[in-house]
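First comes the structure, then the notes that go with it.
Values reported hereafter were calculated over all heavy atoms of this structure, with side chains retained and with hydrogens, waters and symmetry mates removed.
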Amino acid sequence: MHPAPDAAALQVRAATAADLPAIAALHTGARAAYHRARFPDTPFDVVAERARRHDAWLRDLDRGDTPALCAARHGTVVGAASYRRGSGPHRPAVTLHQLHVDPGHWGTGVGRALHGACLRAWRTAGFSRAVLDVLWHNHRARAFYTRLGWRPDPDRRPAPDATHLTLWLDLAAPPAPGAPAPAAPDPAGR
């Protein structure tokens, strides 16, 4: 059981290039934690994997259509999210591209805070639908999204190899019960 987090100490803000090493490390750690459930003997938190995550987030930070957020507690980056604006057959839709929390901070509200910040940004921008792909075997993430109102997309079947499931969220609907929306992040990082 995690100690009660200091909610006031959690800040969600725009991610910057200075956050990149911390985001790459927490993303690598999160992937390692959820992949271990399926592949217990495979090392996932390795230098090469951290370099891949670093390069992927660097591309996201450089893209104009992929806003990135990070959550910091007491100045330490403990979570990150990015999304891509309106593309694909479900316009006006937005795609939650990444949402990762340092495993040491799972269950402490970091994921909900990032999700809430994304929801506010999407609704403010006028999106009516959000979509995401989640790994089929990542039961923790699937349960998290289900609690927040996400549902399997009836228009998209699971990937042929059953590795991914597409979920969608009606942004016009009220937030799911128990999904409080924290204060909006300051884009300037204040």
Side-chain angles (χ1 to χ4, degrees), residues 2-85 87 94-122 125 130 132-135 137-138 140-142 144-145 148 163-164 181-190:
H2 294 282
D6 180 1
L10 185 64
Q11 176 191 24
V12 177
R13 59 176 172 74
T16 68
D19 300 314
L20 193 52
I23 291 171
L26 76 86
H27 185 165
T28 302
R31 283 179 53 89
Y34 62 73
H35 279 309
R36 268 189 211 105
R38 189 167 184 199
F39 307 105
D41 297 325
T42 306
F44 288 98
D45 195 357
V46 295
V47 173
E49 185 62 20
R50 192 170 292 185
R52 278 191 287 280
R53 296 302 121 221
H54 180 278
D55 292 348
W57 279 94
L58 179 61
R59 285 189 301 274
D60 278 359
L61 289 172
D62 285 344
R63 288 177 64 133
D65 68 340
T66 308
L69 302 172
C70 68
R73 184 169 276 143
H74 301 291
T76 300
V77 175
V78 295
S82 69
Y83 55 91
R84 295 203 173 133
R85 297 180 177 122
S87 62
V94 62
T95 301
L96 180 57
H97 179 60
Q98 305 280 353
L99 195 155
H100 301 282
V101 174
D102 181 303
H105 293 267
W106 285 356
T108 66
V110 174
R112 280 185 180 269
L114 285 165
H115 185 266
C118 289
L119 286 179
R120 282 187 306 285
W122 300 340
L132 65 85
D133 283 335
V134 62
L135 287 170
H137 71 273
N138 190 345
R140 181 182 189 91
R142 288 174 53 193
F144 170 79
Y145 291 120
L148 295 173
T163 58
H164 291 83
D186 180 347
R190 294 181 292 241

With the side chain counted from C-beta on, respond yes when Val78 and Leu10 share a heavy-atom pair under 4.5 Å apart, and no when they do not.
yes
For [X] against [Y], the heavy-atom pair lying closest together:
X      : Y      : answer
Arg85  : Val94  : CA-CG2, 4.1 Å
Trp122 : Ala130 : CZ3-CB, 3.6 Å
Arg140 : Gly107 : NH2-N, 3.9 Å
Leu61  : Ala68  : CD2-CB, 3.7 Å
Leu148 : Arg112 : CD2-NH1, 3.1 Å

[atom2] on [Y] to [atom1] on [X], rounded to 0.5 Å:
X      : Y      : atom1 : atom2 : value
Tyr83  : Asp60  : OH    : CG    : 12.0 Å
Leu99  : His115 : CG    : NE2   : 7.5 Å
Tyr145 : Asn138 : OH    : CG    : 8.5 Å
Gln98  : His27  : CD    : NE2   : 4.5 Å
Leu96  : Leu114 : CG    : CG    : 9.5 Å
Leu132 : Cys118 : CG    : SG    : 10.5 Å

Please list every donor-acceptor pair under 3.5 Å in which a side-chain atom of residues 15-23 meets a protein atom from a residue at least two apart or in another chain.
residue	atom	partner	partner atom	Å
Thr16	OG1	Ala18	N	3.3
Thr16	OG1	Asp19	OD2	3.2
Asp19	OD1	Arg13	NH2	2.9
Asp19	OD2	Arg13	NH1	2.7
Asp19	OD2	Thr16	N	2.9

I'd like to know whether Leu26 forms a side chain to side chain contact (heavy atoms under 4.5 Å, CB included) with His105, so could you lay out the CA-CA distance, the side-chain angles of the two residues, the decisive distance to 0.1 Å, and finally the verdict.
CA-CA 10 Å; Leu26 76 86; His105 293 267; over 6 Å; no
With sequence neighbours left out, what residues match Ala72 under side-chain contact (heavy atoms from CB on, under 4.5 Å)?
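With sequence neighbours excluded, Ala72 shows a side-chain contact (heavy atoms from CB on, under 4.5 Å) to no residue whatsoever.
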Set out, in order, the CA-CA distance, both residues' side-chain angles and the distance that settles side chain to side chain contact (heavy atoms under 4.5 Å, CB included) for Val110 and Asp102, then state yes or no.
CA-CA 9 Å; Val110 174; Asp102 181 303; over 6 Å; no
